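Encoded as C-alpha cells, the structure appears first; notes follow it.
Since the model is a prediction, treat every value here as computed from it, not as a measurement. Atoms within each ligand, like the ligands themselves, are counted from 1 in listed order. Starting from 1, each residue takes its place in the sequence as its number.
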Amino acid sequence: MEKIKMITPLVEMDGDEMTRIIWKMIKDILLTPYIDLKTEYYDLGLEYRNKTDDKVTVDSANATKKYGVAVKCATITPNAQRVEEYNLKEMWKSPNGTIRAILDGTVFRTPILVKGITPYIPTWTKPITIARHAYGDVYKNVEMRVSKGTKCELVATDAQGNETRETIYDFSDSDGIIQGMHNKDKSIESFARACFNYALDTKKDVWFSSKDTISKKYDHTFKDIFEEVFNADYKDKFDKAGIEYFYTLIDDAVARVIRSNGGYIWACKNYDGDVMSDMVATAYGSLAMMTSVLVSPEGIYEYEAAHGTVQRHYYKHLKGEETSTNSVATLFAWTGALRKRGELDNLPKLMEFADKLEKATIDTIESGIMTGDLYLLSTLPNKKKVNTQEFLEAVNENLKKML
Ligand code: NAP
Ligand code: MG
C-alpha cells in the first residue's frame, strides 16, 4: 500500500516517562508504516525543557498557533522531588498551563467507551464531554483569615479613582475567613466560543450550568455572556446542525446528567469542571481511556491523553520488567490530530485512516485483548491481558485487515 501523504505538518510535542515510550511505539507500529508522517517536532521531555529554560514549550505553543493542530504526549509537571531527580535549574511550570495560556484554550475531556466496561452509571451509553473553564474563580483567589472585630469590605476603584464599597461581613462575634475572586468577560466569552465551536465540530449539544440564582452578578454574568454569544453568532449554525444549547442551574444539571444517556458537552465553571471531570472519568471506568483536547476560540486544536506520564510503570520498564500500560488515550490523541489535519487540508484518506485506527483499537479491546488496567474492569468472558507492545501489535493486526 502506498503511504498516505500529508500537506501541513502536525505539531508534535513529545513528553516524559512511560508515555514517551508509548509515543515512539505508536509511531513505529501504527503510524509511520502507513503515513508519510509530517510533523514539526518539539521535545517537551523534562530534560530538554530544562536545557532550553522551558523555551521549547513556548515555541511549541507558537507553532501550534501557526499550524493549527498539535498532538501532545503527557509531560512531567515538576515538583521539589522532580527538581532533584532531574537536577533542574528551576521548578518549571506545567507545560499544559503554559500552552493553555498562550492559546487561550478550553479543555474538553471525553471518555472512550468499549463493550465489556460498563460505566458505574449504566445508563451512560454515550460519552459525556466535560468542558472546563480554566481561568480564574477560586484558582486565582485571594483569601484571608480575619480576627473577631474585623469589618470586611469589597472595594473597587475605577479608572477615575471612584470607589465602590460593599460590606462582605462584620466579624463582631467571631474570627473568620474571607475570599476574593475574579473573572474576565473576555475569558468567559472565549470559553463560550470554544464550547460552541467544539459543539459544531462534534455535532453535540451544549449544556451550561452555574449558580446564577444565588450569585446574581458573578455567575449571572457567565449565563448572560453565554446567551449573548450564542444568540449573536451560533444560533443559526446550531439550528442548521440540529444541535442545541441550553442553560440550567447547576443543581438541575447534576440531576439531569445522572438521568441522561450521555452524548453532550457539559460546560462547567472552573471549580465545577475540576470536580465533575474527576467524577465523570471515574464513573466511565478508567483514566487511561479519557481523551483531552484543548480548543482555542479561533479554532486551534491540541490533542492529548488526560492521564499523566504513568511514572510507576516507567520505573518498572527501566528495570527491564514487563509493563501493561494502556496506550489508547495517547493513540486517540494521534487519531484526533490526524483527522483534524485531514479535515483542514482536505485529505479524506488521512481522515479515513484515523477512523479505521480508532475502530481497530476498539475492536481489539472488544475481542478480549487488553492491557492490565482494563483487564481488571472488563466483564468479557474471553478477556486476555497483554503487555504494552503486544496490545499495539494486536491493534495493527486488526488495522491491516481494514486497509
Ligand atoms: P498518572 O500518570 O495519570 O498515573 C496515575 C496512575 O493511574 C498510574 O500509576 C496507573 O495506576 C494509572 N494509569 C494512568 N494512566 C494509565 C495508563 N495509560 N495505563 C495504565 N494505567 C494508567 O498520574 P501521576 O502518577 O499522578 O502523575 C505522573 C506524572 O504525570 C507527574 O509528574 C505529573 O506531573 C504528570 N501529569 C501530566 C499530565 C499531562 O501532561 N497532561 C497530566 C497528569 C499528570 P497503577 O500504577 O495502579 O497501574
Ligand atoms: Mg480535579
Side-chain angles (χ1 to χ4, degrees), residues 12-23 25-26 42-47 49-50 54 56-57 60-61 70-86 88 91-101 103 105 107-112 114 117 130 132 134 274 277-278 281-282 284-294 302-319 321-334 336-337 361 365 369-378 385-392 395:
E12 174 183 357
M13 303 169 174
D14 206 345
D16 288 299
E17 300 192 314
M18 198 59 205
T19 39
R20 188 179 180 99
I21 306 289
I22 287 175
W23 194 258
M25 284 185 184
I26 290 173
Y42 292 87
D43 184 359
L44 301 199
L46 188 49
E47 273 170 40
R49 273 185 276 149
N50 189 52
D54 208 22
V56 65
T57 307
S60 73
V71 56
K72 181 181 169 291
C73 179
T75 47
I76 292 169
T77 297
N79 53 18
Q81 187 261 319
R82 298 295 201 166
V83 171
E84 208 168 296
E85 183 185 354
Y86 285 82
L88 300 181
M91 199 185 287
W92 305 111
K93 281 191 256 170
S94 147
N96 286 38
T98 303
I99 295 165
R100 197 161 59 214
L103 298 181
V107 173
F108 297 84
R109 285 180 156 204
T110 309
I112 300 156
V114 289
I117 297 174
I130 298 268
R132 172 180 172 190
D274 183 352
S277 64
D278 286 327
T282 308
Y284 276 105
S286 170
L287 187 59
M289 297 291 276
M290 187 63 84
T291 61
S292 177
V293 54
L294 177 74
E302 184 233 84
Y303 295 83
E304 65 170 335
H307 61 76
T309 59
V310 213
Q311 183 182 15
R312 197 182 66 80
H313 295 212
Y314 180 60
Y315 289 161
K316 273 179 78 179
H317 171 83
L318 286 182
K319 280 193 256 167
E321 290 171 32
E322 188 175 274
T323 58
S324 183
T325 314
N326 190 331
S327 50
V328 173
T330 305
L331 182 48
F332 273 57
W334 274 101
T361 307
I365 299 168
I369 299 171
M370 60 195 82
T371 46
D373 57 317
L374 298 185
Y375 183 83
L376 290 174
L377 299 169
S378 177
K385 177 182 163 179
V386 293
N387 70 31
T388 311
Q389 179 155 352
E390 283 165 350
F391 178 77
L392 291 169
V395 172

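Shortest contact from atom 1 (P) of ligand 1 to any protein heavy atom: G308 N, 3.6 Å. Of the protein's non-hydrogen atoms, V310 CG1, 3.8 Å is the one closest to atom 22 (C) of ligand 1. Of the protein's non-hydrogen atoms, H313 NE2, 2.8 Å is the one closest to atom 48 (O) of ligand 1. The protein atom (non-hydrogen) at minimum distance from atom 29 (C) of ligand 1 is T309 OG1, 3.0 Å. If you check which protein heavy atom lies closest to atom 19 (N) of ligand 1, you get N326 N, 2.9 Å. Closest to atom 7 (O) of ligand 1, if we only count protein heavy atoms, is L287 CD2, 5.0 Å. Atom 45 (P) of ligand 1 has R312 NH2, 3.4 Å as its closest protein atom, hydrogens excluded (heavy atom only). The protein non-hydrogen atom at the shortest distance from atom 17 (C) of ligand 1 is A288 CB, 3.5 Å.
By the 3.5 Å distance cut-off applied to N or O atoms, R82 is counted among the residues near ligand 1. Residue S324 has no N or O atom closer than 3.5 Å to an N or O atom of ligand 1. Taking distance alone, with nitrogen or oxygen atoms compared against 3.5 Å, S327 stays at or beyond that limit from ligand 1.
In this view, R82 and E17, E85 satisfy the salt bridge (Lys or Arg N to Asp or Glu O under 4.0 Å) rule, not counting sequence neighbours. By the salt bridge (Lys or Arg N to Asp or Glu O under 4.0 Å) test, D373 is found to be paired with no residue, residues two or more places apart in sequence or in another chain being considered.
Counting heavy atoms under 4.0 Å from ligand 1, residue N96 touches it through the side chain alone.
A heavy-atom distance below 4.5 Å is found between the side chains of L374 and N326.
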Between H313 and T323, is a side chain to side chain donor-acceptor pair (under 3.5 Å) present by the stated rule, with each step listed? CA-CA 6 Å; H313 295 212; T323 58; 5.8 Å; no

T388 vs M18, test: side-chain contact (heavy atoms from CB on, under 4.5 Å). Steps then yes/no. CA-CA 10 Å; T388 311; M18 198 59 205; 4.1 Å; yes

Go through it in stages, so that I can follow the logic: the residues are Q311 and D16, the test is side chain to side chain donor-acceptor pair (under 3.5 Å), and I'd like the CA-CA distance, side-chain angles, deciding distance and then a yes or no. CA-CA 9 Å; Q311 183 182 15; D16 288 299; over 6 Å; no

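Put simply, atom 42 (C) of ligand 1 has protein non-hydrogen atoms near it, under 4.0 Å away. Under the 4.0 angstrom criterion, atom 26 (O) of ligand 1 counts as lacking any protein heavy-atom contact. Under the 4.0 angstrom criterion, atom 37 (C) of ligand 1 counts as having a protein heavy-atom contact. Not a single protein heavy atom sits closer than 4.0 Å to atom 5 (C) of ligand 1. Within 4.0 Å of atom 15 (N) of ligand 1, at least one protein heavy atom is present.
Distances from ligand 1 to the non-hydrogen atoms of K72 include at least one value under 4.0 Å.
Taking each heavy atom of F391 and I369 in turn, the nearest pair found is CE1-O, 3.6 Å. Across all their heavy atoms, G372 and S324 have their closest contact at N-OG, 2.8 Å.
Expressed to the nearest 0.5 Å, how far CD1 of I21 lies from NE2 of H317 amounts to 3.5 Å.
The number of heavy-atom neighbours closer than 6.0 Å to NZ of K316, taken from other residues, nucleotides and ligands shown, is above 12. The environment of CD in E84 is sparse: at most 12 heavy-atom neighbours from other residues, nucleotides or ligands sit within 6.0 Å.
Test Y42, W334, W23 against E12 for side-chain hydrogen bond (donor to acceptor under 3.5 Å, both in side chains) and you get one pass: W23.
When the heavy-atom distances from atom 35 (C) of ligand 1 to V107, T75, N79 are ranked, the shortest goes to T75.
Listed by number with element, the atoms of ligand 1 under 4.0 angstrom from any heavy atom of A74 are 40 (O).
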